[in-house]
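Values below: every heavy atom of this structure, side chains too, minus hydrogens, waters and symmetry copies. None of these values were measured; they are calculated from a predicted model. For ligands, and for the atoms within them, numbers begin at 1 and follow the listed sequence.
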Amino acid sequence: MSEVQRLSKVTSLTGSINIPGDKSISHRAVMFGAIANGKTEISNFLMGADCLSTVSCFKKMGVSIDVSKDLVTVEGKGLDGLQEPSDILDVGNSGTTTRLMMGILAGTPFHSCIIGDESIAKRPMSRVTKPLTMMGANIDGRENGQYTPISIRGGSLKGIQYDSPVASAQVKSAILLAGLNTVGEETTVTEPHKSRDHTERMLRAFGVDVKEDERSATVRGGQTLQATNIFVPGDISSAAFFLVAGAIVPSSEIRLKNVGINPTRTGILDVLEMMGATMEIIPSKEETFEPVADIIIKTSSLKGTTISGDLIPKLIDEIPVIALLATQAEGETIIKDASELKVKETNRIDTVVGELTKIGAAIKATDDGMIITGKTNLKGNATVSSHGDHRIGMMLAIASCITEEPIELLNAESIDVSYPNFFDHLTGLSK
Ligand code: S3P
């Protein structure tokens, strides 16, 4: 059901919040736990709709997963212990579930069928089906394996050296996971720019040897995963909404606690710094396989900047809210080399430019990004929509904190995909 939220300007945002668990890491913890030997306990798991889709798919393959508020417990089946599902695997809105699970299913000797929602049906899957087919998997899908529904009959695989045309952690992870199912052969993925390395880090935590250099990662097949306990740090992509809110709302100071600051994800912090934001990063002393920090952000006077190249994969999911940030910076902000935005949950060049234009932003779309000119007073009295995309919904909700008049946000329920308590946090900080 479509949820409509009427949202108005706030005077300030102050206080501290615990950012919910990282989506990428939560997915991986369940998947790797499922194919490991032994019991994996996951704390601070993200109870968002996407990660719950991963849980439901692996349950359908015979994995016992107990989800309670504080802990998710996965009884691992080992790499060859998954069972043929008697039902379709429904991934909902989740690209990460779809693509990483395909990597695992490519090496399992049974039939499975993956479907998802309307948005998933439009997202390109050949970037994964192609390399997995080269490895020997039998995969088919709509329009010659390009789109869901996808059907897979896995089997024995051979290692490949793959030059990926896109910097995508989902592609890299799918191939590396399939690479674990070869008989002692090496599989290497090289990317044009380095993408997030959560798979490499977590595989190591599960006892797998992964080699890495600047733009590539290699695994040898036949290694087993040993169960381990995983603490999921707060998701920097969720923190990004409140980092921007703290910087653009007057008289604000917000402390974001337990945020993952993996260097392959911290592009948003680089951009805030480049734009002149007042921010403090306090690294946690506790050691885990992912670095964690508290971040304090204050109302800032900002200047435009250029965001491109290697920086793009480090902040690809944050671009919608960075576009909002740029409307409050003096001068021009140019975002380029970001055509991947077109194949996210929505075409985020179109949805960001379309929705921000409705509230008075000076923003124009380019072929591989957008150009924003600031600083503009955002106006309300508008009906905007998430278009079913969680990050567009949250960006617009943060925009409403500074629009002169209230706005109406359609399809606000999509925010549950990655940040179910988003509005509680926003209300709790608002004055
Ligand atoms: C993700 C990788 C990114 C990101 C997505 C999560 C992951 O996608 O946009 O939200 O968990 O590996 P791509 O790999 O397609 O860039």
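- Between K211 and E186, at least one side-chain N (NZ, or NE/NH1/NH2) sits under 4.0 Å from a carboxylate O, which counts as a salt bridge.
- Under the 30°/60° scheme for interplanar angles, the aromatic rings of F242 and H425 are found to stand perpendicular.
- Taking every heavy atom of both residues into account, S300 and A277 meet most closely at OG-CA, 3.4 Å.
- Atoms of ligand 1 lying under 4.0 Å from any heavy atom of T96, numbered from 1 in the order shown and given with element: 1 (C), 6 (C), 7 (C), 11 (O).
- Contacts with ligand 1 closer than 4.0 Å are made by side-chain heavy atoms of R28 only, the backbone lying farther away.
- Nearest to atom 10 (O) of ligand 1 among the protein's heavy atoms is D317 OD2, 2.8 Å.
- At a 4.0 Å heavy-atom cut-off, ligand 1 touches R196 through the side chain alone.
- Looking at atom 16 (O) of ligand 1, its nearest protein heavy atom turns out to be K344 NZ, 3.3 Å.
- Of all the heavy atoms of K172, none lies under 4.0 Å from any atom of ligand 1, so neither backbone nor side chain is involved.
- Between K336 and D368, none of the side-chain N atoms (NZ, or NE/NH1/NH2) sits under 4.0 Å from a carboxylate O, so this pair counts as no salt bridge.
- For atom 14 (O) of ligand 1, the closest non-hydrogen atom on the protein side is S168 OG, 2.7 Å.
- Given atom 1 (C) of ligand 1, the protein heavy atom at minimum distance is Q170 NE2, 3.5 Å.
- Considering backbone and side-chain atoms alike, A169 places an N or O below 3.5 Å from some N or O of ligand 1.
- With respect to atom 11 (O) of ligand 1, the closest heavy atom belonging to the protein is S24 OG, 2.7 Å.
- Counting only N and O atoms by type, the side chains of N262 and D197 include a donor and acceptor under 3.5 Å apart.
- A salt bridge does not link D310 to K194: none of the charged nitrogens lies less than 4.0 Å from a carboxylate oxygen.
- Between K172 and E200, at least one side-chain nitrogen of the basic residue sits less than 4.0 Å from a carboxylate oxygen of the acidic one, meeting the salt-bridge criterion.
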